[in-house]
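Chain letters run A, B, ... following the sequence lines, proteins first, then strands; residues in each count from 1.
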Amino acid sequence: MHEEFPTESPAVVTCGLPYANGDLHVGHLRTYVSGDAYSRALERLGQSVAFVCGSDMHGTPIAVNAAEAGVDPETFASEYHEQYEETFPEFNVEFDNYGHTHDATNTEMTRSFVREWIDGDHVVEKEIEVAWDAEAGQPLPDRFVEGTCPYCGERARGDECDEGCQRHLEPGEIEDPVSTITGNPAEYRTRRHKFLRLADFQEYLAGFIDRLEGTENAKNQPREWIEGELKDLCITRDMDWGVDYPAEDDGEEELVLYVWVDAPIEYVSSTKQYSERVGAEEYDWEAVWRDRAEPTASAPEGGEIVHLIGHDIIQHHAVFWPAMLRGAGFNEPRAILACGFVNLAGEAFSTSRDRAVWADDYVESGLHPDLYRYHIVTGSEFTADVNFSWDRLGERVNSELVGTLGNFLYRSLLFAERNYGGTPEAAVSDEVEGEIEAAMADFRTAVNDYRVRGLGRAPVELASFGNEYIQRHEPWKLTDDDPKRAARVIRDCVQLSKAIAVLMEPVLPEKAETLWSQLGEDGSVHEATLEAALSAPPEAFGEPSELFDRLEDDEIEALNRQLEARIEAAEGDAEAPAEGSDGSENGGKDGRGAADEDADDGSALEPIADERVSFETFEELDVRIGEIRSAEPIEGADDLAKLEVDVGVERRQIVAGIKRLHDLDSLPGTRIVVVANLEKTELFGVESDGMLLAAGEEADLLTTHGGAEPGTRVR
RNA sequence: AGCGGGAUGGGAUAGCCAGGAGAUUCCGCCGGGCUCAUAACCCGGAGAUCGGACGUUCAAAUCGUCCUCCCGCUACCA
């Protein structure tokens, strides 16, 4: 549907904005390295391309964490912004422009988007009830309120019943709301908010999703939203940290735009900044982003917009974002590439528990950035989740980069330099030329199919062919007997080396540049196009050196030990989940704080509550001995089991979260302790009439010591 | 619950959209070769009923239906 790369019109490649609220880890870097590699690959094809990004500076978590740290949000976010700017180049991720959402370009751009929506009559105002913390004197947006789900009775966050029925909750719906900031009950106040009427774009989005290219997950997942009913998107928040809503009258001065409004617009702003720096003749941001053709009903005209993101934010990019662009008369994304997450031993990183491999860890390891790049880009399919392991990285570096790639290049160039002082005079064989052409074709296909992984494999496969080729022709035996043939073989190997340099540039940019100069080339491989793979290298070049060093076992072991110790500390320990581990500097990273469910996992004992309850209050609980009669898992639920419990006077059906923690078959006959007069509720569609008591994360069931019969009251 | 992704020799992973001999690459294992090269490189071998069942087809890892298990998303996590 879209024209193949390279196209006449300019392209822009973006990466999801890092949220300026914590340190970067190797999971984040997967996206940025992939984006960098993809953008470089487009350049090798001769595509005009800008690679842009910026820090996401707004939103409630930053505001709250800044307040906790006693600084203003701008200072707080700017520190992380500056840190990111330093970190990316350490991984050879080189943005053409790296801005942030709080700069003037983005603030103005965002407001102009919103004005377009208002002019196009896509914005509606509604009065909604928002949760309010009287003590803190502030509204409680989104996750800063917790309470009880009105539908299923489970504990829920303000915006979503995350533990129970999974329903999205509108502001005001949640029962017994409590502020996660102060722990006080939240009250409700009526506020006027602005909404983007997404339904206006329903039909447009249906067409868009059919045109969208990229990874399968990005093309398929949004269909659920687009084909369903699109709710109005609340685009304002009661805060003072953010981009001010462009007020046309009084009374809205306190509203800022929702962080997901100004964040993606930074893609446009950052491109504009790049354009302004290099000049519009060199790169014109409007030619990319503006829909300048007659706005036909279907596809707009413009440049090629390619977004690389983590697969957690597909919806924002494939539903809200194109609607936002469309509503403001902008071009739409051509492709979205959504990558999988990096895990540790099958489990997600937990930044709050320091269960992660941080960008700094890698930098401090002294390993070359290109090694990480190669490993993360080629180690698995882009969309798949992947386990990070130093062992695996070491194995692949030693066998593929040192053994196959580095070794071929070194033996070829060393042989060429010693015997011919550079490139021997001979023609490249048809076989080798064909092999290089095939590799080039694979590379082009990988770019056009958005297979980032394919980019890194092409050079190693060519080197593998080279090793086999040089072995088959044994030039070291030919130098005396048949010098002409030897020269031809080495000429072939030198050409393969040059082709490898070009092909490896996207994934291994710094190493490719070193190889380029070893070949005696002037200029930079970063300027070369794919065709250079077939042009002759300079006649003379100097003695090469090994491009990659072997990673020694003890080096890897040391990194492994560090990581294992950290995982252990994160899992088992009682000490120091949040504030603890490495002091004040870490305070920011724990920012998601109370809302972060994995922060309070099997950790320190919580203090006994200060507030005492009266004996009468206690008496209100009817706690009884029960005996489990049957226990069966609830299909589809991860943790829930349906129990039938004999409480003496009657039998009760009780749902409990013990599916994974106990062997259900062995439970019948077990005496347990039950709160018998708890309100009935429905969990996962199954009625639960009572609650069994269990201790701790492992749900250690409370039972009896003597022979108390079912139905006996517990006091 | 809905949606998305996944299950492939001992481990890790390709292949699936466009069906064509049981399949890629890396690690590990066994045997051989070579010595220009970083104990590297090259060749050969053992090892898998491609998660399960049914179906479509001359032909299924690949297409369809159902099932099991894992991971993720569901509007503030890359």
Picking from B:C42, B:C27, B:A75, the nucleotide nearest the side-chain atoms of A:H316 would be B:A75
### Any side-chain donor near an acceptor of the partner, A:T378 and A:R396, under 3.5 Å
yes
inquiry  = Taking the six-membered ring for Trp, are A:H28 and A:Y32 closer than 6.0 Å centroid to centroid?
reply    = no
| field | Pairing of A:E546 and A:R411 as salt bridge, 4.0 angstrom limit | value | no
Requested in this report: Rounded to whole angstrom, note down the P distance from B:U25 over to B:G15.
Outcome: 14 Å
Remember a base hit wins even if backbone is also touched, and classify A:L24 as base, sugar-phosphate or nothing at under 4.0 Å, heavy atoms. nothing
B:C63 -> Watson-Crick or G-U wobble partner, both distances under 3.5 Å, gives B:G55
Is there a side-chain polar atom (N or O) of A:R472 under 4.0 Å from OP1 or OP2 of B:C43?
no
A:I470 has its side chain closest, among B:U38, B:C27, B:C36, to B:C36
Testing B:C73, B:C26, B:A75 for proximity to the side chain of A:R392, the answer is B:C26
Of the listed B:G5, B:C36, B:A78, the closest approach to the A:R411 side chain comes from B:C36
The residue, A:R30 or A:F548, whose nearest nucleotide of RNA chain B is more 5′ is A:F548
**Report entry** Is_stacked (A:W476, B:C36) at 5.5 Å, 30 deg
**Finding:** yes
Any strand, both distances under 3.5 Å, Watson-Crick or G-U wobble: B:A18 pairs with none
Fill in: Touch class at under 4.0 angstrom, heavy-atom based, for A:S389 against every strand present
nothing
Pairing partner of B:C69, by Watson-Crick or G-U wobble and under 3.5 Å for both distances, is B:G6
Heavy atoms only, 4.0 Å cut-off, all strands: where does A:H25 land among base, sugar-phosphate and nothing? base
For B:A46, the nucleotide meeting Watson-Crick or G-U wobble distances (both under 3.5 Å) is none
For the C1' atoms, the ones on B:G28 and on B:G45, what distance do you get once it is rounded to whole angstrom? 15 Å
Check: With distance as the sole criterion, is a donor-acceptor pair present between the side chains of A:N217 and A:T215 under 3.5 Å?
Finding: yes
Across every strand shown, the nucleotide meeting Watson-Crick or G-U wobble geometry with B:A1 (both distances under 3.5 Å) is B:U74
For A:S380 and A:R30 the tightest heavy-atom approach is OG-NH2, 3.3 Å
Atom CD1 of A:I314 and atom P of B:A78 are separated, to the nearest Å, by 14 Å
From CZ of A:F349 across to P of B:G72 the rounded distance in Å is 14 Å
* To do: Between B:A61 and B:G19, how far apart are the P atoms? Round to whole Å, please.
  => 13 Å
- Examine B:A37: is either OP1 or OP2 under 4.0 Å from a nitrogen or oxygen in the side chain of A:Y410? Give yes or no. no
Nearest heavy-atom contact between A:G27 and A:F349 is N-CE2, 3.9 Å
For a quick check of understanding: with a heavy-atom distance under 4.0 Å over all strands, which category does A:L547 fall into, base, sugar-phosphate or nothing?
base
Applying the 3.5 Å cut-off to both distances, the Watson-Crick or G-U partner of B:C41 turns out to be B:G33
Of the listed B:C41, B:G5, B:C77, the closest approach to the A:N467 side chain comes from B:C41
A:D312 CG to B:C73 P, in whole Å, measures 7 Å
Taken to the nearest whole Å, CG/A:L212 to P/B:G4 is 16 Å
Out of B:C73, B:A75, B:U38, minimum distance to the side chain of A:V402 belongs to B:U38
Taken to the nearest whole Å, CD/A:Q315 to C1'/B:G2 is 13 Å
Winner on side-chain proximity to A:L233, out of B:A75, B:C26, B:C34, is B:A75
Atom CH2 of A:W358 and atom P of B:A78 are separated, to the nearest Å, by 11 Å
Fill in: C1' gap between B:C30 and B:G47, integer Å
11 Å
Verify the stacking flag for A:F320 against B:A75: centroid separation must be under 5.5 angstrom and the ring planes must differ by under 30 degrees.
yes
Reckon A:V460 touches a base, only the sugar-phosphate, or nothing at all at heavy-atom distances under 4.0 Å?
nothing
Here the distance between atom P of B:U38 and atom NE2 of A:H368, to the nearest Å, is 20 Å
Closest heavy-atom pair, A:F548 versus A:L405, reported as atoms and distance to 0.1 Å, is CE1-CD2, 3.8 Å
- Rounded C1' spacing from B:U68 to B:C29 in Å: 33 Å
Considering only the C1' atoms, how many Å lie between B:C16 and B:U8, rounded to the nearest integer?
11 Å
Requested in this report: Give a yes or no on whether the backbone of A:R197 and the side-chain of A:D232 come within a donor-acceptor separation of less than 3.5 Å.
Outcome: no
Only one of A:L212, A:I336, A:T14 passes side chain to side chain contact (heavy atoms under 4.5 Å, CB included) with A:H317, and that residue is A:I336
* **Electrostatic pair A:R373-A:D36, nearest N-O below 4.0 angstrom** => yes
(Q) Within the 4.0 Å heavy-atom criterion, would you say A:G27 contacts the bases, only the backbone, or no part of the nucleic acid? (A) base
A:E468 has its side chain closest, among B:C43, B:U35, B:A37, to B:C43
**Asked** For A:D240, does the CG atom sit with more than 12 other heavy atoms under 6.0 Å from it, leaving out its own atoms?
**Response** no
(message) Just to be sure I understand the rule, does A:R418 reach a base, reach only the sugar-phosphate, or reach nothing, if contact means heavy atoms closer than 4.0 Å?
(response) sugar-phosphate
Heavy-atom nearest nucleotide on RNA chain B taken for A:L198 and for A:H311; more 5' hit belongs to A:H311
Within residues 370-385 of chain A, those residues having any heavy atom closer than 4.0 Å to RNA chain B are A:S380, A:E381, A:D385
A:D56 atom CG is separated from B:C77 atom P, nearest whole Å, by 11 Å
Of the listed B:U25, B:A78, B:G4, the closest approach to the A:N217 side chain comes from B:G4
From the candidates B:C41, B:A78, B:C73, the one with an atom nearest any side-chain atom of A:T31 is B:A78
What's the gap between B:U62 and B:A14 when it is taken at their C1' atoms, as a whole Å value? 13 Å
At 4.0 Å (heavy atoms only), tell me whether A:F408 reaches a base, stays on the sugar-phosphate, or touches nothing.
nothing
Between B:A78 and A:F341, is there a base-stacking contact, meaning the centre of the base's six-membered ring lies under 5.5 Å from the residue's ring centre while the planes stay under 30° apart? yes
Base, sugar-phosphate alone, or nothing: which one does A:E546 contact when heavy atoms must sit under 4.0 Å apart?
base
Practice problem: Write down the distance separating the P atoms in B:C27 and B:C43, rounded off to the nearest Å. | Solution: 13 Å
I'd like to check A:P424 versus A:V494 (side-chain heavy atoms, cut-off strictly below 4.5 Å). Are they in contact?
yes
